K.L.:
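I have a structure here, written as structure tokens, and I will follow up with some questions on it.
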Amino acid sequence: MAAATTISVPFDVYRFDPTKDRAPRYVRYNLDVAPHTPVLTALLRIRAEVDPGLTLRYSCRSAICGSCAMVVNSKSRLACQTQVGPEFERHGRVVVDPMRNMPVLRDLVVEMGSFWGNYRKLEPHLIEDPDRPMPKDTPTVMTPQQVDAFYETPRCIACAACYSACPAVEADPEFPGPMSLAKLYRFVVDPRDGGTKERLLKIQPNGLWLCLRCHLCTEACPKDVRPSERIRDLKEMAIAVQGATEHGSKHAIGFKDNIRAKGLLNEARLIRQTYNPLEAVSLLPQAARMVRKKPEILKAPKAIDGIEEVEKLYQLLDEEKKS
Ligand code: FES
């Protein structure tokens, strides 16, 4: 039998011990590996054969426990699920960093207190409705459609890859993060939960509208939970419960109105739709810079050709939502 082909791969691995080192550094390790070797296996070989001090977290080695999330070639993901070959082919090396948005304890291990703290704040358990107490002795029967509404979310293994990839967490550590919001969605759509409205009201001010809809969380999620889509659903539900009371919700509704009316954004109108006059005054310096760069934003755009088609699409979406 022919020997398996191996490739010689440079690994640049982040090393940092905050109790001893002044600053982080990268250490290069060269390793001959088969292309299908998981990055985790390569790191364990480095630890066993070259550098016993390399610190990392792992357990199942099968993309189940979520322990081995780290940043490989700038993307947050599971090291046990990422093969060395494609990474080497694309980048010429494998750069391994600890997850972002959490402090490093040592090398590739981070302290996940903020991740779990934000999750706990959202009360991730069923809240009983006093007017509709759950039966104590008989199981609650749910229809397949009711279960379907949240079947993706329980796949989450809480690896925190989404939290590490999220720019909103980086900008504001109070933002609960994609996993917490996806789990919140799971309770909001659960017909047994009695806290739906309160959950949606509580989460709005800092929680929901900081999401930029960049979809990096969905790209990072190893279990296809698609947190950004769950956050989108929560935003729609929050508007349904409370109307547009936040800048984020006003902006979302204004954006939709503009596109429906003309097929294009009227940026000056969108600012008026999002901010009250006093708030808009504070944005004048920023607005002046925008106008200098792009004077045409002051003119209301004409409707695009085929605007009727845009309207038809919106009507279709409205009907779909109703059904
Ligand atoms: S080691 Fe368990 S998910 Fe990677």
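Treat the numbers as computed from the prediction; the structure is a model and nothing was measured. Indexing begins at 1, ligand by ligand and atom by atom, following the structure's order.
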K.L.:
For the CZ atom on R90, are there more than 12 heavy atoms of other groups (residues, nucleotides or ligands in this structure) within a distance under 6.0 Å?
P.N.:
no
K.L.:
Which protein atoms of type N, O or S are found under 2.8 Å from atom 2 (Fe) of ligand 1?
P.N.:
C60 SG, C65 SG
K.L.:
Check whether more than 12 heavy atoms from other residues, nucleotides or ligands sit under 6.0 Å from atom OH of Y314, and answer yes or no.
P.N.:
yes
K.L.:
Counting only N and O atoms by type, is there a donor-acceptor contact under 3.5 Å from the side chain of R272 to the main-chain atoms of A280?
P.N.:
no
K.L.:
Do we see a donor-acceptor contact under 3.5 Å between the side chains of Y163 and S114?
P.N.:
yes
K.L.:
Closer than 4.0 angstrom, basic N to acidic O: yes or no for R45 and E49?
P.N.:
yes
K.L.:
Are E87 and Q83 linked by a side-chain donor-acceptor pair shorter than 3.5 Å?
P.N.:
no
